[in-house]
Trainee: 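My questions will all concern the structure given below.
The model shown is predicted, which means the values in this text are computed figures rather than measured ones. The first residue in the sequence is number 1, and the count goes up from there.
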Amino acid sequence: MRSKGYVTMLDPFQQIYGKRMGGLLFVPALMGEMFWAAAILSALGATISVIVDIDINISVIVSALIAIFYTLVGGLYSVAYTDVVQLFCIFIGLWISVPFAMTHPAVTDITVTAVEEVYKDPWLGSIRREDAWSWIDSFLLLILGGIPWQAYFQRVLSASSATYAQVLSILAAFGCLVMAIPSILIGAIGASTEWNQTAYGLPDPQTRNETDMILPIVLQYLCPPYISFFGLGAVSAAVMSSADSSVLSASSMFARNIYQLSFRQNASEREISLVMKITVFVFGAGATAMALLAKSVYGLWYLSSDLVYIVIFPQLLCVLFIKGTNTYGSVMGYILGLFLRISGGEPYLHLQALICYGDCYLDRNNIYLQRFPFKTLSMLVSFLTNIAISYLAKYLFEKGILSPKFDFLNAVVAKHSEENMDKTTLVKSDNINLSELAPVKPRHSITLGNTFVNKEAISDLDSSPESPELENKDL
(Lines give C-alpha, C1' and ligand atoms only; values in the text may rest on other atoms or scores of the structure.)
Protein backbone atom coordinates (compact mmCIF):
# COMPACT_ATOMS: atom_id res chain seq x y z
CA MET A 1 0.00 0.00 0.00
CA ARG A 2 2.89 2.37 0.72
CA SER A 3 4.56 1.64 -2.64
CA LYS A 4 1.30 2.43 -4.47
CA GLY A 5 1.14 5.85 -2.84
CA TYR A 6 -2.15 5.42 -0.97
CA VAL A 7 -2.97 8.15 1.55
CA THR A 8 -5.56 6.35 3.71
CA MET A 9 -6.66 2.77 4.28
CA LEU A 10 -9.84 3.36 2.24
CA ASP A 11 -8.03 4.50 -0.93
CA PRO A 12 -7.73 1.03 -2.52
CA PHE A 13 -11.42 0.35 -1.83
CA GLN A 14 -12.50 3.50 -3.64
CA GLN A 15 -10.08 2.82 -6.47
CA ILE A 16 -11.34 -0.74 -7.11
CA TYR A 17 -14.88 -0.80 -5.71
CA GLY A 18 -15.91 2.81 -6.28
CA LYS A 19 -16.80 5.84 -4.17
CA ARG A 20 -20.05 4.42 -2.78
CA MET A 21 -18.42 1.26 -1.44
CA GLY A 22 -15.60 3.34 0.03
CA GLY A 23 -18.20 5.41 1.86
CA LEU A 24 -19.93 2.26 3.10
CA LEU A 25 -16.68 0.84 4.48
CA PHE A 26 -15.99 4.20 6.14
CA VAL A 27 -18.87 3.54 8.57
CA PRO A 28 -17.37 0.57 10.52
CA ALA A 29 -13.91 2.17 10.32
CA LEU A 30 -15.30 5.41 11.81
CA MET A 31 -17.24 3.50 14.48
CA GLY A 32 -14.12 1.63 15.54
CA GLU A 33 -12.02 4.79 15.86
CA MET A 34 -14.71 6.84 17.62
CA PHE A 35 -15.80 4.21 20.12
CA TRP A 36 -12.18 3.36 20.89
CA ALA A 37 -11.41 7.02 21.64
CA ALA A 38 -14.53 7.26 23.81
CA ALA A 39 -13.75 4.02 25.68
CA ILE A 40 -10.22 5.03 26.63
CA LEU A 41 -11.30 8.57 27.60
CA SER A 42 -13.90 6.99 29.87
CA ALA A 43 -11.25 4.67 31.34
CA LEU A 44 -8.99 7.67 31.96
CA GLY A 45 -11.72 9.44 33.91
CA ALA A 46 -12.28 6.38 36.08
CA THR A 47 -8.53 5.98 36.67
CA ILE A 48 -8.02 9.60 37.71
CA SER A 49 -11.03 9.43 40.03
CA VAL A 50 -9.40 6.50 41.89
CA ILE A 51 -5.95 8.08 42.30
CA VAL A 52 -6.85 11.78 42.55
CA ASP A 53 -10.01 13.18 44.03
CA ILE A 54 -11.09 14.92 40.83
CA ASP A 55 -14.50 14.74 39.18
CA ILE A 56 -14.55 12.18 36.35
CA ASN A 57 -16.21 14.54 33.88
CA ILE A 58 -13.63 17.29 34.41
CA SER A 59 -10.69 14.90 33.95
CA VAL A 60 -12.16 13.50 30.72
CA ILE A 61 -12.92 16.93 29.27
CA VAL A 62 -9.50 18.39 30.13
CA SER A 63 -7.64 15.38 28.69
CA ALA A 64 -9.73 15.45 25.51
CA LEU A 65 -9.24 19.20 25.06
CA ILE A 66 -5.46 18.85 25.34
CA ALA A 67 -5.38 16.02 22.77
CA ILE A 68 -7.72 17.85 20.37
CA PHE A 69 -5.81 21.11 20.68
CA TYR A 70 -2.38 19.84 19.69
CA THR A 71 -3.95 17.64 16.97
CA LEU A 72 -5.68 20.72 15.53
CA VAL A 73 -2.49 22.76 15.63
CA GLY A 74 0.03 20.26 14.28
CA GLY A 75 -1.89 17.44 12.64
CA LEU A 76 0.08 14.24 12.05
CA TYR A 77 3.38 15.90 13.00
CA SER A 78 2.15 16.84 16.46
CA VAL A 79 0.55 13.41 16.96
CA ALA A 80 3.75 11.61 15.90
CA TYR A 81 6.12 13.72 18.02
CA THR A 82 3.90 13.70 21.11
CA ASP A 83 3.52 9.93 20.70
CA VAL A 84 7.28 9.57 21.17
CA VAL A 85 7.15 11.50 24.45
CA GLN A 86 4.01 9.71 25.57
CA LEU A 87 5.50 6.30 24.76
CA PHE A 88 8.49 7.16 26.93
CA CYS A 89 6.15 8.26 29.76
CA ILE A 90 4.16 5.03 29.52
CA PHE A 91 7.26 2.86 29.62
CA ILE A 92 8.90 4.68 32.53
CA GLY A 93 5.68 5.32 34.46
CA LEU A 94 4.53 1.70 34.46
CA TRP A 95 7.93 0.08 34.96
CA ILE A 96 8.85 2.38 37.86
CA SER A 97 5.69 1.36 39.74
CA VAL A 98 6.20 -2.42 39.38
CA PRO A 99 9.04 -2.90 41.96
CA PHE A 100 7.28 -0.71 44.55
CA ALA A 101 4.03 -2.65 44.19
CA MET A 102 5.78 -6.02 44.11
CA THR A 103 7.69 -5.37 47.36
CA HIS A 104 4.64 -4.21 49.34
CA PRO A 105 4.18 -6.28 52.56
CA ALA A 106 0.66 -7.33 51.53
CA VAL A 107 1.84 -8.86 48.25
CA THR A 108 2.83 -12.53 48.03
CA ASP A 109 5.47 -13.71 45.56
CA ILE A 110 3.71 -13.76 42.18
CA THR A 111 5.61 -16.89 41.10
CA VAL A 112 3.95 -18.73 44.00
CA THR A 113 0.43 -17.40 43.42
CA ALA A 114 0.74 -18.20 39.70
CA VAL A 115 0.43 -21.93 40.37
CA GLU A 116 -0.80 -22.21 44.00
CA GLU A 117 -4.02 -21.06 45.63
CA VAL A 118 -3.14 -18.46 48.27
CA TYR A 119 -5.82 -15.78 48.50
CA LYS A 120 -7.74 -16.99 45.44
CA ASP A 121 -7.31 -19.32 42.49
CA PRO A 122 -3.90 -19.21 40.74
CA TRP A 123 -3.73 -16.07 38.59
CA LEU A 124 -2.12 -17.95 35.71
CA GLY A 125 -5.43 -19.64 35.12
CA SER A 126 -6.33 -22.29 32.60
CA ILE A 127 -8.49 -22.68 29.53
CA ARG A 128 -11.29 -25.21 29.76
CA ARG A 129 -11.60 -27.60 26.88
CA GLU A 130 -15.09 -26.39 25.94
CA ASP A 131 -13.88 -22.75 25.79
CA ALA A 132 -10.88 -23.43 23.54
CA TRP A 133 -12.61 -22.41 20.30
CA SER A 134 -13.84 -19.17 21.87
CA TRP A 135 -10.26 -18.31 22.89
CA ILE A 136 -9.00 -19.09 19.38
CA ASP A 137 -11.73 -16.84 17.99
CA SER A 138 -10.60 -13.93 20.18
CA PHE A 139 -6.96 -14.72 19.42
CA LEU A 140 -7.52 -14.39 15.66
CA LEU A 141 -9.69 -11.31 16.14
CA LEU A 142 -6.96 -9.48 18.06
CA ILE A 143 -4.22 -10.40 15.57
CA LEU A 144 -5.99 -10.06 12.23
CA GLY A 145 -8.59 -7.53 13.35
CA GLY A 146 -5.80 -5.25 14.54
CA ILE A 147 -4.55 -4.72 10.99
CA PRO A 148 -7.25 -2.70 9.15
CA TRP A 149 -7.16 0.42 11.33
CA GLN A 150 -6.42 3.86 9.91
CA ALA A 151 -4.48 4.74 13.09
CA TYR A 152 -1.92 2.14 11.97
CA PHE A 153 -2.00 2.97 8.26
CA GLN A 154 -1.59 6.70 8.81
CA ARG A 155 1.84 5.85 10.27
CA VAL A 156 3.07 3.40 7.65
CA LEU A 157 1.63 5.27 4.67
CA SER A 158 3.48 8.40 5.78
CA ALA A 159 6.78 6.49 6.06
CA SER A 160 9.62 7.62 3.80
CA SER A 161 9.67 4.31 1.89
CA ALA A 162 7.86 0.98 1.64
CA THR A 163 10.85 -0.79 3.20
CA TYR A 164 10.84 1.58 6.16
CA ALA A 165 7.08 1.00 6.56
CA GLN A 166 7.69 -2.76 6.78
CA VAL A 167 10.56 -2.39 9.26
CA LEU A 168 8.45 0.00 11.35
CA SER A 169 5.61 -2.53 11.52
CA ILE A 170 7.83 -5.45 12.55
CA LEU A 171 9.65 -3.42 15.22
CA ALA A 172 6.31 -2.19 16.56
CA ALA A 173 5.20 -5.80 17.04
CA PHE A 174 8.13 -6.49 19.37
CA GLY A 175 7.55 -3.12 21.04
CA CYS A 176 3.97 -4.14 21.85
CA LEU A 177 5.23 -7.30 23.57
CA VAL A 178 7.69 -5.33 25.69
CA MET A 179 5.09 -2.70 26.63
CA ALA A 180 2.61 -5.41 27.68
CA ILE A 181 4.92 -6.90 30.34
CA PRO A 182 4.35 -4.29 33.11
CA SER A 183 0.58 -4.52 32.61
CA ILE A 184 0.71 -8.30 33.07
CA LEU A 185 2.88 -7.95 36.18
CA ILE A 186 0.55 -5.37 37.73
CA GLY A 187 -2.42 -7.69 37.11
CA ALA A 188 -0.52 -10.56 38.75
CA ILE A 189 0.35 -8.31 41.72
CA GLY A 190 -3.31 -7.42 42.14
CA ALA A 191 -4.23 -11.11 42.24
CA SER A 192 -1.46 -11.82 44.78
CA THR A 193 -2.42 -9.17 47.34
CA GLU A 194 -4.06 -9.62 50.73
CA TRP A 195 -6.27 -6.53 50.41
CA ASN A 196 -7.28 -6.64 54.07
CA GLN A 197 -3.73 -5.45 54.88
CA THR A 198 -4.14 -2.32 52.75
CA ALA A 199 -6.28 0.79 52.98
CA TYR A 200 -8.48 -0.71 50.25
CA GLY A 201 -9.78 -3.31 52.69
CA LEU A 202 -12.34 -6.01 52.08
CA PRO A 203 -14.11 -7.15 49.98
CA ASP A 204 -11.38 -7.47 47.36
CA PRO A 205 -11.58 -5.94 43.85
CA GLN A 206 -12.89 -9.17 42.34
CA THR A 207 -15.80 -9.33 44.79
CA ARG A 208 -16.58 -5.64 44.14
CA ASN A 209 -16.48 -6.22 40.35
CA GLU A 210 -13.61 -3.73 40.05
CA THR A 211 -11.07 -6.02 38.40
CA ASP A 212 -11.03 -3.80 35.32
CA MET A 213 -9.73 -1.01 37.60
CA ILE A 214 -6.85 -3.05 39.01
CA LEU A 215 -4.15 -0.78 37.53
CA PRO A 216 -5.21 2.43 39.34
CA ILE A 217 -6.05 0.41 42.46
CA VAL A 218 -2.54 -1.08 42.59
CA LEU A 219 -0.99 2.35 41.95
CA GLN A 220 -3.09 3.97 44.67
CA TYR A 221 -2.90 1.39 47.47
CA LEU A 222 0.39 -0.48 46.89
CA CYS A 223 2.70 2.36 45.77
CA PRO A 224 3.93 5.57 47.45
CA PRO A 225 1.98 8.71 46.46
CA TYR A 226 4.72 10.13 44.23
CA ILE A 227 4.93 6.79 42.34
CA SER A 228 1.14 6.83 41.95
CA PHE A 229 1.40 10.14 40.14
CA PHE A 230 4.07 8.72 37.85
CA GLY A 231 1.72 5.85 37.03
CA LEU A 232 -1.15 8.26 36.52
CA GLY A 233 1.03 10.18 34.07
CA ALA A 234 1.67 6.93 32.19
CA VAL A 235 -2.05 6.17 31.93
CA SER A 236 -2.86 9.75 30.87
CA ALA A 237 -0.12 9.67 28.23
CA ALA A 238 -1.38 6.35 26.89
CA VAL A 239 -4.96 7.61 26.66
CA MET A 240 -4.11 10.91 24.96
CA SER A 241 -1.72 9.13 22.59
CA SER A 242 -4.50 6.78 21.48
CA ALA A 243 -7.27 9.38 21.49
CA ASP A 244 -5.44 11.85 19.25
CA SER A 245 -4.50 9.10 16.79
CA SER A 246 -8.08 7.83 16.57
CA VAL A 247 -9.58 11.29 16.10
CA LEU A 248 -7.00 12.20 13.45
CA SER A 249 -7.57 8.87 11.68
CA ALA A 250 -11.33 9.39 11.51
CA SER A 251 -10.97 12.98 10.29
CA SER A 252 -8.37 12.10 7.64
CA MET A 253 -10.58 9.32 6.23
CA PHE A 254 -13.55 11.69 6.11
CA ALA A 255 -11.64 14.56 4.51
CA ARG A 256 -9.88 12.36 1.96
CA ASN A 257 -12.33 9.58 1.10
CA ILE A 258 -15.70 11.19 1.72
CA TYR A 259 -15.31 14.93 1.21
CA GLN A 260 -12.57 15.11 -1.43
CA LEU A 261 -13.02 11.94 -3.50
CA SER A 262 -16.83 11.81 -3.31
CA PHE A 263 -17.93 15.45 -3.32
CA ARG A 264 -15.08 17.88 -4.05
CA GLN A 265 -12.54 16.26 -6.37
CA ASN A 266 -11.01 19.64 -7.20
CA ALA A 267 -10.71 20.82 -3.61
CA SER A 268 -7.47 22.60 -2.77
CA GLU A 269 -5.03 21.45 -0.08
CA ARG A 270 -6.05 24.41 2.06
CA GLU A 271 -9.72 23.43 1.83
CA ILE A 272 -8.98 19.80 2.75
CA SER A 273 -6.86 20.97 5.68
CA LEU A 274 -9.73 23.15 6.91
CA VAL A 275 -12.19 20.26 6.62
CA MET A 276 -9.80 18.03 8.57
CA LYS A 277 -9.50 20.57 11.37
CA ILE A 278 -13.26 20.93 11.60
CA THR A 279 -13.79 17.17 11.71
CA VAL A 280 -11.00 16.73 14.29
CA PHE A 281 -12.97 19.04 16.57
CA VAL A 282 -16.33 17.40 15.74
CA PHE A 283 -15.12 13.81 16.15
CA GLY A 284 -13.15 14.73 19.28
CA ALA A 285 -16.20 16.36 20.81
CA GLY A 286 -18.33 13.36 19.82
CA ALA A 287 -15.93 10.89 21.43
CA THR A 288 -15.80 13.01 24.59
CA ALA A 289 -19.60 13.20 24.75
CA MET A 290 -19.89 9.42 24.39
CA ALA A 291 -17.28 8.93 27.11
CA LEU A 292 -19.34 11.10 29.46
CA LEU A 293 -22.85 9.96 28.56
CA ALA A 294 -22.78 6.39 27.24
CA LYS A 295 -22.90 3.71 29.93
CA SER A 296 -21.79 0.87 27.66
CA VAL A 297 -19.20 2.66 25.53
CA TYR A 298 -16.82 -0.29 25.93
CA GLY A 299 -19.53 -2.59 24.59
CA LEU A 300 -19.99 -0.32 21.58
CA TRP A 301 -16.25 -0.39 20.91
CA TYR A 302 -16.17 -4.16 21.37
CA LEU A 303 -18.89 -4.60 18.74
CA SER A 304 -17.35 -2.08 16.32
CA SER A 305 -13.90 -3.69 16.61
CA ASP A 306 -15.56 -6.99 15.72
CA LEU A 307 -17.00 -5.31 12.62
CA VAL A 308 -13.52 -4.13 11.64
CA TYR A 309 -12.36 -7.76 11.77
CA ILE A 310 -15.43 -9.29 10.11
CA VAL A 311 -16.19 -6.63 7.48
CA ILE A 312 -13.06 -4.60 6.68
CA PHE A 313 -10.34 -7.25 7.06
CA PRO A 314 -11.72 -9.67 4.40
CA GLN A 315 -12.45 -6.71 2.13
CA LEU A 316 -8.86 -5.52 2.50
CA LEU A 317 -7.57 -8.99 1.63
CA CYS A 318 -9.73 -9.11 -1.49
CA VAL A 319 -8.95 -5.61 -2.74
CA LEU A 320 -5.19 -6.08 -2.37
CA PHE A 321 -4.58 -9.74 -3.17
CA ILE A 322 -7.58 -11.30 -4.98
CA LYS A 323 -7.66 -10.17 -8.59
CA GLY A 324 -11.10 -9.82 -10.14
CA THR A 325 -13.21 -8.97 -7.10
CA ASN A 326 -15.72 -6.19 -7.71
CA THR A 327 -18.36 -4.07 -6.03
CA TYR A 328 -21.12 -6.72 -6.20
CA GLY A 329 -19.04 -9.21 -4.21
CA SER A 330 -17.93 -6.48 -1.82
CA VAL A 331 -21.51 -5.41 -1.04
CA MET A 332 -22.74 -8.97 -0.50
CA GLY A 333 -19.74 -9.83 1.67
CA TYR A 334 -20.33 -6.68 3.72
CA ILE A 335 -24.03 -7.42 4.28
CA LEU A 336 -23.61 -11.13 5.06
CA GLY A 337 -20.69 -10.60 7.44
CA LEU A 338 -22.56 -7.84 9.26
CA PHE A 339 -25.70 -9.98 9.59
CA LEU A 340 -23.84 -13.04 10.90
CA ARG A 341 -21.97 -10.98 13.51
CA ILE A 342 -25.02 -9.14 14.84
CA SER A 343 -27.07 -12.36 14.87
CA GLY A 344 -24.45 -13.87 17.19
CA GLY A 345 -25.40 -11.37 19.93
CA GLU A 346 -23.28 -9.13 22.15
CA PRO A 347 -23.43 -9.48 25.96
CA TYR A 348 -21.82 -6.08 26.60
CA LEU A 349 -24.78 -4.41 24.87
CA HIS A 350 -27.30 -6.98 26.18
CA LEU A 351 -27.95 -7.94 22.55
CA GLN A 352 -29.58 -11.37 22.45
CA ALA A 353 -28.32 -13.90 19.88
CA LEU A 354 -30.62 -14.70 16.96
CA ILE A 355 -28.55 -17.70 15.85
CA CYS A 356 -26.96 -20.27 18.14
CA TYR A 357 -23.74 -21.34 16.44
CA GLY A 358 -23.22 -24.81 17.82
CA ASP A 359 -22.72 -24.71 21.60
CA CYS A 360 -24.47 -21.83 23.43
CA TYR A 361 -25.09 -21.18 27.11
CA LEU A 362 -26.85 -18.55 29.23
CA ASP A 363 -24.88 -16.10 31.38
CA ARG A 364 -26.03 -14.43 34.60
CA ASN A 365 -28.04 -11.84 32.64
CA ASN A 366 -29.83 -14.52 30.58
CA ILE A 367 -27.87 -13.55 27.46
CA TYR A 368 -26.76 -16.38 25.21
CA LEU A 369 -22.98 -16.68 24.87
CA GLN A 370 -21.33 -18.49 21.96
CA ARG A 371 -18.58 -21.07 22.41
CA PHE A 372 -18.30 -21.59 18.67
CA PRO A 373 -15.84 -19.21 16.88
CA PHE A 374 -18.65 -17.43 15.07
CA LYS A 375 -16.68 -14.21 14.56
CA THR A 376 -14.02 -15.96 12.52
CA LEU A 377 -16.76 -17.90 10.72
CA SER A 378 -18.47 -14.60 9.85
CA MET A 379 -15.16 -13.20 8.56
CA LEU A 380 -14.53 -16.26 6.37
CA VAL A 381 -18.08 -16.21 5.00
CA SER A 382 -17.70 -12.52 4.15
CA PHE A 383 -14.36 -13.22 2.45
CA LEU A 384 -15.62 -16.19 0.39
CA THR A 385 -18.88 -14.43 -0.49
CA ASN A 386 -16.95 -11.46 -1.87
CA ILE A 387 -14.92 -13.74 -4.16
CA ALA A 388 -17.82 -15.97 -5.25
CA ILE A 389 -20.29 -13.17 -6.04
CA SER A 390 -17.59 -11.11 -7.78
CA TYR A 391 -16.66 -13.93 -10.15
CA LEU A 392 -20.31 -14.88 -10.69
CA ALA A 393 -21.21 -11.31 -11.67
CA LYS A 394 -18.15 -11.10 -13.92
CA TYR A 395 -19.09 -14.36 -15.66
CA LEU A 396 -22.75 -13.40 -16.16
CA PHE A 397 -21.96 -10.01 -17.70
CA GLU A 398 -18.99 -11.08 -19.82
CA LYS A 399 -20.87 -14.09 -21.28
CA GLY A 400 -23.85 -11.89 -22.13
CA ILE A 401 -26.22 -13.81 -19.84
CA LEU A 402 -27.05 -10.50 -18.15
CA SER A 403 -27.53 -7.35 -20.18
CA PRO A 404 -25.04 -4.50 -19.55
CA LYS A 405 -27.96 -2.31 -18.45
CA PHE A 406 -28.23 -4.43 -15.28
CA ASP A 407 -24.69 -3.43 -14.25
CA PHE A 408 -26.16 -0.69 -12.06
CA LEU A 409 -23.01 -0.45 -9.91
CA ASN A 410 -20.80 0.01 -13.00
CA ALA A 411 -18.51 -2.67 -11.60
CA VAL A 412 -18.07 -5.07 -14.54
CA VAL A 413 -19.14 -3.63 -17.90
CA ALA A 414 -17.88 -0.12 -17.13
CA LYS A 415 -14.49 -1.50 -16.08
CA HIS A 416 -13.52 -1.42 -19.77
CA SER A 417 -15.08 1.89 -20.71
CA GLU A 418 -13.49 4.42 -23.06
CA GLU A 419 -10.99 5.73 -20.53
CA ASN A 420 -10.01 2.26 -19.27
CA MET A 421 -10.27 0.27 -22.50
CA ASP A 422 -7.35 -2.10 -22.97
CA LYS A 423 -5.82 -3.15 -26.28
CA THR A 424 -7.41 -6.61 -26.24
CA THR A 425 -10.80 -4.95 -26.54
CA LEU A 426 -9.54 -2.94 -29.53
CA VAL A 427 -8.03 -5.94 -31.27
CA LYS A 428 -11.23 -7.94 -30.93
CA SER A 429 -13.21 -5.16 -32.61
CA ASP A 430 -14.43 -6.01 -36.11
CA ASN A 431 -13.76 -2.44 -37.24
CA ILE A 432 -10.00 -2.77 -36.94
CA ASN A 433 -7.88 -5.30 -38.82
CA LEU A 434 -4.25 -5.67 -37.86
CA SER A 435 -3.25 -6.15 -41.53
CA GLU A 436 -4.53 -2.67 -42.35
CA LEU A 437 -2.32 -0.93 -39.81
CA ALA A 438 0.53 0.96 -41.53
CA PRO A 439 4.03 -0.03 -40.43
CA VAL A 440 5.72 2.62 -38.32
CA LYS A 441 9.48 3.01 -38.16
CA PRO A 442 10.47 2.95 -34.47
CA ARG A 443 12.51 5.81 -32.97
CA HIS A 444 15.68 4.53 -31.36
CA SER A 445 16.01 7.56 -29.09
CA ILE A 446 12.78 6.89 -27.22
CA THR A 447 11.69 3.49 -25.94
CA LEU A 448 8.21 2.18 -26.47
CA GLY A 449 7.44 2.41 -22.75
CA ASN A 450 8.50 6.07 -22.59
CA THR A 451 6.31 6.88 -25.57
CA PHE A 452 3.24 6.02 -23.53
CA VAL A 453 4.19 7.23 -20.08
CA ASN A 454 6.61 10.12 -20.47
CA LYS A 455 4.46 13.02 -21.60
CA GLU A 456 7.27 15.52 -21.23
CA ALA A 457 9.41 13.59 -23.71
CA ILE A 458 6.55 13.55 -26.21
CA SER A 459 5.88 17.28 -25.85
CA ASP A 460 9.57 18.06 -26.27
CA LEU A 461 9.68 15.87 -29.33
CA ASP A 462 6.67 17.57 -30.90
CA SER A 463 8.22 21.01 -30.44
CA SER A 464 11.60 20.03 -31.94
CA PRO A 465 12.01 21.47 -35.50
CA GLU A 466 15.06 19.31 -36.16
CA SER A 467 13.11 16.05 -35.95
CA PRO A 468 13.31 14.36 -39.37
CA GLU A 469 10.12 12.46 -38.74
CA LEU A 470 8.15 15.67 -38.22
CA GLU A 471 9.46 17.07 -41.50
CA ASN A 472 8.09 14.02 -43.34
CA LYS A 473 4.58 15.13 -44.34
CA ASP A 474 3.55 11.56 -45.25
CA LEU A 475 4.21 10.33 -41.68
Trainee: Using the six-membered ring of F153, assess whether NZ or CZ of R2 lies under 6.0 Å from its centre and within 45 degrees of the ring axis.
Mentor: no
Trainee: Among side-chain atoms of T8 and D11, is any donor-acceptor pair under 3.5 angstrom?
Mentor: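 Yes - a donor-acceptor pair under 3.5 Å links their side chains.
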Trainee: Ignoring hydrogens and geometry beyond distance, is a side-chain donor-acceptor pair present between T325 and N386 at under 3.5 Å?
Mentor: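 There is no such pair between these side chains.
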Trainee: Side chain of E346, backbone of A353: donor and acceptor closer than 3.5 Å?
Mentor: no
Trainee: With a 4.5 Å heavy-atom cut-off, do V60 and L44 have their side chains touching?
Mentor: no
Trainee: Quick one: does S246's side chain have a donor or acceptor within less than 3.5 Å of a partner on A243's backbone?
Mentor: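 Judged by distance alone, no pair lies under 3.5 Å.
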Trainee: Between F254 and F283, what is the ring plane arrangement, given parallel below 30°, perpendicular above 60°, and tilted in between?
Mentor: perpendicular
Trainee: Do S245 and R155 pair up side chain to side chain, a donor and an acceptor below 3.5 Å, judged on atom types alone?
Mentor: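 A pair is found: one side chain offers a donor N or O, the other an acceptor, under 3.5 Å apart.
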Trainee: With no hydrogens and no angle check, do the side chains of Q15 and Y6 hold a donor and an acceptor under 3.5 Å apart?
Mentor: yes
Trainee: Under 3.5 Å, is there a donor-acceptor pair linking the side chains of Y152 and S169?
Mentor: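 Looking only at side-chain atoms, S169 and Y152 do form a donor-acceptor pair, the distance falling under 3.5 Å.
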Trainee: As a test of understanding, state which of T113, D109, T108 forms a side-chain hydrogen bond (donor to acceptor under 3.5 Å, both in side chains) with T111.
Mentor: D109
Trainee: Does Y368 have more than 12 heavy atoms from other residues, nucleotides or ligands lying within 6.0 Å of its OH?
Mentor: no
Trainee: For the side chain of S251 and the backbone of V247, is there at least one donor-acceptor N/O pair under 3.5 Å apart?
Mentor: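 Answer holds: yes.
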Trainee: Taking atom types as modelled, is there a side-chain donor on T376 or D137 under 3.5 Å from an acceptor on the other?
Mentor: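 Yes - a donor-acceptor pair under 3.5 Å links their side chains.
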Trainee: Under a 3.5 Å cutoff, is there a donor and acceptor pairing between the side chains of Y70 and D244?
Mentor: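 The answer is yes; a qualifying pair exists.
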Trainee: Under a 3.5 Å threshold, yes or no: a donor from one side chain and an acceptor from the other, between Y328 and D407?
Mentor: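 Note: Y328 and D407 side chains meet the donor-acceptor criterion.
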Trainee: Give a yes-or-no answer on whether the side chains of Q370 and Y361 include a donor-acceptor pair shorter than 3.5 Å.
Mentor: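 Side-chain D/A pair, Q370 to Y361: absent.
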Trainee: Given W195 and I217, is the side chain to side chain contact (heavy atoms under 4.5 Å, CB included) satisfied, shown in steps?
Mentor: CA-CA 11 Å; W195 291 102; I217 290 172; 3.6 Å; yes
Trainee: What I'd like to find out is whether the side chain of Y309 reaches to under 4.5 Å of the side chain of S378, using heavy atoms alone.
Mentor: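 SC-SC contact between Y309 and S378 ruled out.
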Trainee: With the side chain counted from C-beta on, respond yes when M9 and W149 share a heavy-atom pair under 4.5 Å apart, and no when they do not.
Mentor: no
Trainee: Check whether any side-chain N or O of S97 sits under 3.5 Å from a backbone N or O of L94 as a donor-acceptor pair, and report yes or no.
Mentor: yes
